[in-house]
Structure formats: C-alpha cells, structure tokens
> 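Would you mind keeping the following structure in view while I ask a few things?
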Amino acid sequence: MEQRHARLELAKTLSVLAANCAKAISFSTRQLKDRETIHKIADGEIYFDLGEIRRLGDSIATIPLYNLPDTLVTPTMILNGTQRQFREKVEIALRLHREMNAEAFEDLFRVFGEMNESIAKTCEGIEAEVERFQRES
C-alpha cells in the first residue's frame with residue numbers, strides 16, 4: 001500500500017513537471033518568434049531564460065523510471081527527449097544564428113511547432129494515465 005502511494009505521488013509530480021515543461025516550451029517558442037528576435041537574444045539585447053528549460057529537464061531526468069507505473073515510463077522518456085531536443089535546438093540556434101539562412105530559420109520554427117504539439121500530446125497522455133492510476137489506487 002505504501003509503495004502504491006509513493007508511486008502515485010511520483011506520478012502526480014511527473015504530471016505537474018510535464019505541464020510546466022509544456023508551458024515553458026510554449027512560452028519560449030513565443031519568445032523565439034522570429035529571426036530578428038533570435039539575433040537579439042543571442043547578442044544579449046533581449047533576455048531569454050534558457051536556464052529554466054535546463055532546470056525542468058534536469059528535474060524530469062531525475063525521476064526514477066523504475067518507480068513509476070509502467071504505463072508512464074515511455075511517456076516520461078518521450079517528454080524528456082522532447083525537452084532535451086528543444087533545449088539543444090535553441091542552444092544551436094543561439095550559437096549559430098549568424099550562419100543560419102532563411103531556410104534554416106523556417107525549419108527551426110517548423111520544428112518548434114512540432115515539438116509544442118508533441119509535448120502537448122505527451123502531457124495529455126501523462127495526465128490521463130495519472131488519473132487512471134489514481135482511480136485504481
């Protein structure tokens with residue numbers, strides 16, 4: 001009974017972290033709205049909190065998968081992977097912004113959109129699984 005309760009609490013924590021991660025990625029995507037803004041962020045003219053994206057990723061990565069209900073292992077791995085890929089894309093864009101052409105920026109913004117959709121679906125799945133697990137507890 002104690003183990004089940006601990007797993008439920010961990011699953012709820014995961015759900016909150018997933019929702020916060022989705023919000024942070026969505027907010028960041030809106031901040032990184034165009035080529036000019038990315039240049040200004042990279043040049044230090046506009047503040048961008050990449051640290052928050054890193055902290056959320058670190059928090060998600062430290063969740064012990066073996067303590068989660070088995071139905072949450074894959075969605076957690078997907079969430080972690082999407083968050084990491086987003087962070088890496090942003091870091092690369094900020095580092096190489098001067099070398100990127102219009103096509104590269106179009107691809108970047110397309111990928112940001114896809115990542116937002118992916119993380120939103122992943123969060124919905126995590127939330128549904130946590131609710132199901134909670135009902136069964």
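We use all heavy atoms of the structure for the numbers below, so side chains are in, but hydrogens, waters and symmetry mates are not.
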> Salt bridge between Arg87 and Glu91, side-chain N to carboxylate O under 4.0 Å?
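Here Arg87 pairs with Glu91 in a salt bridge, since their nearest N and O are under 4.0 Å apart.
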> Under 3.5 Å, is there a donor-acceptor pair between the side chain of Thr76 and the main chain of Leu72?
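Yes, the answer is positive, given that a donor and an acceptor are paired below the 3.5 Å cut-off.
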> Please report the shortest heavy-atom distance between Ala11 and Val130, naming the atom on each side.
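What the structure gives for the nearest pair is O-CG2, 3.4 Å.
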> What is the distance from atom CD of Gln31 to atom OG of Ser26, rounded to the nearest 0.5 Å?
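Gln31 atom CD to Ser26 atom OG measures 10.5 Å (nearest 0.5 Å).
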> When hydrophobic residues are tied together by side-chain contacts of less than 4.5 Å, even through go-betweens, does Ile63 share a cluster with Ile78?
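No, Ile63 does not connect to Ile78 through the hydrophobic network.
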> Say you draw a straight line from OG1 of Thr122 to CD of Glu117; how long is it, rounded to the nearest 0.5 Å?
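The OG1 atom of Thr122 sits 11.5 Å away from the CD atom of Glu117.
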> With heavy-atom distances below 4.5 Å as the criterion, would you say the side chains of Phe86 and Thr29 are in contact?
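When only atoms from C-beta onward are counted, Thr29 and Phe86 do touch, with a gap below 4.5 Å.
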> Can you establish whether the number of heavy atoms outside Glu103 located under 6.0 Å from its atom CD is more than 12?
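Result for CD/Glu103: open.
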> If Ile, Leu, Val, Met, Phe, Trp and Tyr residues are connected whenever their side-chain heavy atoms lie under 4.5 Å apart, and connections chain through other members, are Leu65 and Leu56 in the same group?
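In one cluster with Leu65: Leu56, yes.
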> Less than 4.5 Å apart, any side-chain heavy atom of Lys33 and any of Arg30?
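No, too far: nothing below the 4.5 Å cut-off.
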> Do Leu17 and Phe27 share a hydrophobic cluster (ILVMFWY, side-chain heavy atoms under 4.5 Å, transitive)?
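Leu17 and Phe27: separate clusters.
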> Tell me which donor-acceptor pairs under 3.5 Å the side chains of residues 34-51 have, and how far apart each pair is, sequence neighbours excluded?
residue	atom	partner	partner atom	Å
Asp34	OD1	Glu36	N	3.3
Asp34	OD1	Thr37	N	2.7
Asp34	OD1	Thr37	OG1	2.6
Arg35	NH2	Met100	O	2.8
Glu36	OE2	Lys40	NZ	3.2
Asp43	OD1	His97	NE2	3.4
Asp43	OD1	Arg98	NH2	3.0
Asp43	OD2	Arg98	NH2	2.9
Tyr47	OH	Asp49	OD1	3.4
Asp49	OD1	Gly51	N	3.3
Asp49	OD1	Glu52	N	3.2

> Looking only at heavy atoms, what is the nearest atom pair of Cys123 and Ala19, with distance?
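Here Cys123 and Ala19 meet closest at SG-N, 4.0 Å.
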> Measure the shortest side-chain to side-chain distance between Val90 and Ser28 over non-hydrogen atoms and say whether it is less than 4.5 angstrom.
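Contact flag for Val90/Ser28 side chains = no.
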> Does Thr62 reach the main-chain N or O of Ser59 with its side chain, forming a donor-acceptor pair under 3.5 Å?
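Yes: the side chain of Thr62 pairs with the backbone of Ser59.
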> Rounded to the nearest 0.5 Å, how far apart are CD1 of Ile25 and CG of Asn20?
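Those atoms lie 11.5 Å apart.
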> Distance-only, no hydrogens or angles: does the Thr13 side chain make a donor-acceptor pair with backbone N or O of Glu9 under 3.5 Å?
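It does hold such a pair.
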> Would you compute the distance between atom CG of Asn101 and atom CG of Asp107 and round it to the nearest 0.5 angstrom?
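One finds 10.0 Å between CG of Asn101 and CG of Asp107.
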> Got a donor-acceptor contact below 3.5 angstrom from the Gln83 side chain to the Ile53 backbone?
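Answer holds: yes.
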> Salt-bridge test for Arg132 and Glu129: reply yes if a basic N is under 4.0 Å from a carboxylate O, no otherwise.
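Looking at Arg132 and Glu129, the cut-off is met.
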> Please report the interatomic distance CE(Met77) to CG(Leu68), rounded to the nearest 0.5 Å.
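Reported to 0.5 Å precision, the distance equals 11.5 Å.
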> Strictly distance-based, threshold 3.5 Å: is any side-chain N or O of Asn116 a donor or acceptor partner for the main-chain N or O of Phe112?
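Such a contact is found between Asn116 side chain and Phe112 backbone.
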> Leu14 versus Ile126: any side-chain heavy-atom pair under 4.5 Å?
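When only atoms from C-beta onward are counted, Ile126 and Leu14 do touch, with a gap below 4.5 Å.
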> With a 4.5 Å cut-off on side-chain heavy atoms, are Leu10 and Arg7 touching?
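Not in contact.
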